[in-house]
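Here's the structure we're looking at; comments come further down.
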Amino acid sequence: MSIITISRGSSSMGKAVAEKVAAKLECDIFSRDLLFKTSGRFHVPQKTLEKAIHDAPGIFERYSHTKKVYLTYIRAILTEMVAGGNIVYYGLAGHLLLDKLPHVLKVRITANLDGRVKRKMTEGFSEKKARDMILADDDQRKKWSRKIYDADPNDCSLYDLTVCIDKLSVENAVDCICRCASRKAFESTSDCVRQSKDLSLAWNAKVLLVESFPDVGITCEYGNLLIYATEKEAHTTKFKKILDDIKKENYDIYNLEVHTGLPVPANAV
Amino acid sequence: MSVLILSSENEELENQIAQKTAERLGYTTLDQQFYNEIAKKYTLDSKKLMDAMIITPSFLKRMPSKQWYYYLSCVEVEVLARLLEDNCVCWGLAAHLYVAVISHVLKVRLIGGHSLMSSGQGNMDEGKIKKIIAEQERSRENWSMTAYNRKEADPGLYDMVINLDQVQPDEAVDTLSTTMGYPRLKAMTYSKNNLADRALAARVKNVLLKSLTDIQVDAQNGTVVVTTASVKREKSKKIDTIKKIAAQVEGIGYLEVHWNKDMLTEAAMSYR
């Protein structure tokens with residue numbers, strides 16, 4: 001029962017590695033399906049979601065929280081999918097979207113630029129066009145990570161394992177990842193399953209609150225949902241109505257408490 | 001057969017993992033104890049040699065630039081000569097910075113794992129540890145940029161990076177031992193020649209650095225290319241000196257000297 005996220009730059013053979021890892025470990029595999037599911041559930045066009053998860057916020061987006069809302073939708077679906085375990089996710093930003101789950105094996109596949117350009121050229125692009133496309137994509141990813149998560153996608157401390165595909169073959173990388181996934185730290189124990197479910201509950205509650213109260217923090221432990229809001233927010237009728245909705249929609253919630261005036265904990269969503 | 005080069009900000013774990021991996025694979029080890037051997041061979045002060053691998057050249061630290069580059073070059077020559085023997089685990093000698101992309105050399109960076117440390121940092125609070133690590137990283141980056149124009153923490157330098165925050169040291173040893181067994185990492189004539197060329201370039205640079213500065217050396221299939229810069233009037237003198245000194249090194253098939261005009265000195269001299 002492994003949960004693996006595979007992060008990679010474009011044309012870095014990440015997809016091939018992910019497919020082989022999933023086949024070897026008999027896991028479900030998904031990437032764009034996440035956006036498809038999110039789009040279906042929340043009635044947001046797939047293109048808008050893709051833009052939210054890929055492109056860095058523009059000048060006007062920096063002052064609105066639309067990206068935050070879309071990311072909350074995506075995370076709610078992703079944590080739901082992951083709660084079942086046995087999954088390989090090779091879509092965008094998996095290592096950041098699931099950063100609160102320690103038992104997720106976060107892998108980064110790297111490749112040198114020349115090799116990536118050659119692979120891109122096989123899709124029918126000229127060398128210059130291929131190089132420009134790869135560099136533009138890398139730049140966009142870097143900006144997105146910096147602006148949204150204050151992280152650099154090339155920072156190895158975000159991953160458990162980084163493998164250069166130029167030195168090791170796809171098969172070698174797959175073998176390395178599968179061996180790593182079988183380590184104790186990445187085993188899906190009952191405690192890990194509980195943590196995943198709690199996280200899923202917290203994100204699903206956040207989905208209902210994020211549009212009107214984007215700065216609210218939520219934690220969940222053993223089904224006990226704690227909502228951290230300001231005094232002003234907590235006393236509005238809208239807030240109370242949303243809390244009622246949360247209770248109605250999530251039967252797994254054991255207890256719901258609202259904390260006002262307290263700092264939002266670091267592990268809150 | 002193959003060579004494993006480890007690099008880490010966490011010396012204690014690096015030592016532990018490197019020793020165990022070498023034991024498991026039956027490889028020889030090459031670590032910081034090698035500095036004494038190098039110092040003895042080149043009649044250098046071993047403490048100063050070790051300092052040179054940590055500090056950047058500074059007049060205040062009594063480490064002039066010329067001496068610093070020569071010390072680094074001595075380490076490079078000897079480490080590369082040892083690596084030619086294969087079946088070796090090397091760490092703590094900055095080899096990841098001067099061993100280029102060679103197919104039978106696996107370069108691995110170990111990061112994190114500070115909670116696993118038994119001494120010193122083990123009892124400190126997290127904030128303090130982070131501060132110390134950040135300071136160490138800054139100083140290492142400064143050193144590696146000055147010495148080899150490469151950032152030590154750049155993942156592009158390595159074939160694999162293992163984060164020890166989640167992975168246990170024994171599991172890292174397992175991963176490294178298995179990886180070293182992959183057929184892709186077996187030494188081939190071509191990759192051995194590449195390493196031999198690198199070692200030859202390092203030897204040539206080392207003899208030149210005894211008396212000259214501003215030298216870059218590259219080698220391919222025994223052909224050595226030395227690139228240097230000087231003012232125009234010293235061009236032929238410098239080229240002759242380089243040819244004369246480099247001729248002492250064994251194994252050079254053909255020697256080329258590329259000369260560039262030292263614009264800054266030239267401009268300063270014309271102003272005078």
Side-chain angles (χ1 to χ4, degrees), chain A residues 2-5 7-9 12 17 95 98-99 101-116 138 142 151-188 192 266, chain B residues 2-5 7-10 96 99-116 126-127 130 133-134 137 151-186 191:
Chain A
S2 315
I3 305 169
I4 303 169
T5 68
S7 153
R8 86 282 188 206
S12 300
V17 172
H95 59 290
L98 294 173
D99 60 343
L101 293 175
H103 62 286
V104 174
L105 172 63
K106 299 169 191 91
V107 179
R108 171 91 177 157
I109 305 287
T110 61
N112 72 41
L113 185 61
D114 291 339
R116 291 171 67 191
D138 284 354
K142 212 174 209 175
D152 182 348
N154 291 328
D155 177 5
C156 290
S157 64
L158 296 174
Y159 312 97
D160 299 302
L161 182 70
T162 307
V163 179
C164 175
I165 206 74
D166 297 316
K167 178 60 76 72
L168 303 174
S169 64
V170 171
E171 282 70 27
N172 294 162
V174 169
D175 186 52
C176 254
I177 295 166
C178 292
R179 278 171 192 276
C180 208
S182 67
R183 307 288 181 212
K184 208 177 168 193
F186 307 109
E187 271 175 18
S188 207
C192 294
Chain B
S2 7
V3 173
L4 172 64
I5 295 176
S7 150
S8 178
E9 70 230 12
N10 190 331
H96 53 285
V99 177
V101 183
I102 288 163
S103 67
H104 70 278
V105 178
L106 183 76
K107 296 199 274 183
V108 179
R109 174 113 175 128
L110 305 167
I111 57 168
H114 297 282
S115 57
L116 300 167
E126 210 180 321
K130 273 186 183 164
I133 293 165
E137 275 176 7
K151 282 185 186 175
E152 193 162 57
D154 175 12
L157 273 182
Y158 305 96
D159 305 312
M160 191 186 269
V161 183
I162 301 174
N163 191 338
L164 297 169
D165 284 338
Q166 292 283 77
V167 179
Q168 293 299 307
D170 284 340
E171 294 172 345
V173 173
D174 272 347
T175 306
L176 292 174
S177 313
T178 318
T179 309
M180 290 305 286
Y182 292 146
R184 273 205 166 209
L185 289 166
K186 296 271 180 281
S191 65

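Just so we're on the same page: letters track the sequence lines, and every chain starts at 1. Values reported hereafter were calculated over all heavy atoms of this structure, with side chains retained and with hydrogens, waters and symmetry mates removed.
Sorted by first and then second residue, the ring pair (Phe, Tyr, Trp, His ring centres under 6.0 Å) pairs involving residues 151-180 of chain A (not counting sequence neighbours) are A/H95-A/Y159. Evaluation of the ring pair (Phe, Tyr, Trp, His ring centres under 6.0 Å) test over residues 159-180 of chain B, restricted to residues two or more places apart or in two chains, returns none.
Of all the listed residues (A/C176, A/S157, A/A185, A/S169), the one sharing the greatest number of non-hydrogen pairs under 4.5 Å with chain B is A/S169. Of all the listed residues (B/N163, B/D174, B/V161), the one sharing the greatest number of non-hydrogen pairs under 4.5 Å with chain A is B/V161.
There is no contact between B/L176 and chain A, counting heavy-atom distances below 4.5 Å. In this structure, the portions of B/I162 lying under 4.5 Å from any heavy atom of chain A include both its backbone and its side chain. B/T175 touches chain A through backbone and side chain together, each having a heavy atom under 4.5 Å away.
Annotation: ring-ring contact (aromatic ring centres under 6.0 Å, His included) contacts of A/H103 (sequence neighbours excluded): none.
The interface of residues 105-115 of chain A with chain B, defined by heavy-atom distances below 4.5 Å, is empty.
For B/E171 (side chain) and A/C180 (main-chain N/O), no donor-acceptor pair under 3.5 Å exists by modelled atom type. Judged purely by atom type and a 3.5 angstrom limit, A/K167 uses its side chain to pair as donor or acceptor with the backbone of B/V105.
From A/L161, atom CG reaches atom CD of B/Q166 across 12.5 Å, with rounding to the nearest 0.5 Å. Taken from CG in B/D159 to CD1 in A/I165, the straight-line distance is 11.5 Å, to the nearest 0.5 Å.
Looking at A/R179 and B/T178, their side chains come closer than 4.5 Å, going by heavy atoms from C-beta outward.
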